[in-house]
Amino acid sequence: MPRHWLLKSEPDVYSIDDLARDGRTFWDGVRNYQARNLMREMEVGDLVLFYHSSASPPGVAGVARVAEAARPDPTALDPASPYHDPKSTADEPRWSGVEVEFVERLPRFVPLGSLKAEPELSEMLVTKRSRLSVQPVRPGEFAAVRAMGGAGDA
DNA sequence: GCCAACGTTGGC
DNA sequence: GCCAACGTTGGC
């Protein structure tokens with residue numbers, strides 16, 4: 001059984017439409033240890049809610065899938081990258097990312113306010129831990145959000 | 001643009 | 001190891 005996750009991206013930087021255009025992308029730039037550790041747990045085939053943060057409104061825009069498990073994030077070693085981390089080295093990479101692929105754009109965007117208003121989702125982390133950019137999602141939560149977004153059977 | 005929440009850094 | 005200072009995230 002695949003696990004389920006939520007990944008946040010600012011749509012001004014990289015949106016679900018960008019992923020739809022690209023087909024797949026390497027999820028780089030995560031610089032939080034808890035988020036990194038969660039990404040390292042991801043396995044190929046795991047399903048991802050694609051969340052637009054710092055948007056108006058914020059919310060879930062689509063679904064992606066883990067295409068490749070975690071590997072070192074090369075932007076940490078690149079001095080020209082905004083994600084450069086001088087404490088990361090090639091021998092001991094500090095940060096990781098995963099490859100994700102586009103699955104679907106939800107027919108209806110599911111705003112954060114709707115997630116918060118749904119009793120079934122009262123324990124969902126995105127409604128409580130607003131600053132964690134990579135989150136585990138329960139199977140029931142994943143299904144409920146897809147249904148709220150008007151998606152058909154998977 | 002503001003600010004609350006919260007993660008990280010670094011002095012001691 | 002503590003904790004103050006600081007920086008960042010992200011909702012509003």
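For the pair A:Lys128 (side chain) and A:Glu123 (backbone), a donor-acceptor distance under 3.5 Å is absent. Under a 3.5 Å cut-off, the side chain of A:Asp18 and the backbone N or O of A:Ser15 do form a donor-acceptor pair. Counting only distance, with no hydrogens or angles, the side chain of A:His52 and the backbone of A:Ile16 share a donor-acceptor pair below 3.5 Å.
At least one side-chain heavy atom of A:Leu38 sits less than 4.5 Å from a side-chain heavy atom of A:Leu132.
Every residue was checked against the side chain to side chain donor-acceptor pair (under 3.5 Å) condition with A:Glu10, not counting sequence neighbours, and none meets it. Applying the ring pair (Phe, Tyr, Trp, His ring centres under 6.0 Å) test to A:Tyr14 and every residue at least two apart in sequence or in another chain returns nothing.
Across residues 46-55 of chain A, not one residue has a non-hydrogen atom less than 4.0 Å from an atom of DNA chain B.
A distance of 6.0 Å or more separates the ring centres of A:Phe50 and A:Trp5.
Heavy atoms of A:Lys87 sit under 4.0 angstrom from primed sugar atoms or phosphate atoms, though from no base atom. No contact: A:Arg31 has no heavy atom under 4.0 Å from any strand.
Put simply, chain A comes within 4.0 Å of DNA chain C, heavy atom to any atom, from C:dG7 to C:dC12, going 5' to 3'.
In this structure, A:Met148 belongs to a hydrophobic cluster whose other members, linked by side-chain heavy atoms under 4.5 Å apart, are A:Leu6, A:Leu47, A:Leu49, A:Tyr51, A:Val60, A:Val63, A:Val103, A:Leu106, A:Val110, A:Leu112, A:Leu115, A:Leu121, A:Met124, A:Val126, A:Val137, A:Phe142, A:Val145.
Of all non-hydrogen atoms in A:Arg94 and A:Ser88, the two that sit nearest each other are N-OG, 2.9 Å. Of all the heavy atoms in A:Val30 and A:Ala35, the pair that sits closest is CG1-CB, 3.6 Å.
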Under the 3.5 Å Watson-Crick or G-U criterion, the dot-bracket string of DNA chain B, with | for inter-strand pairs: ||||||||||||
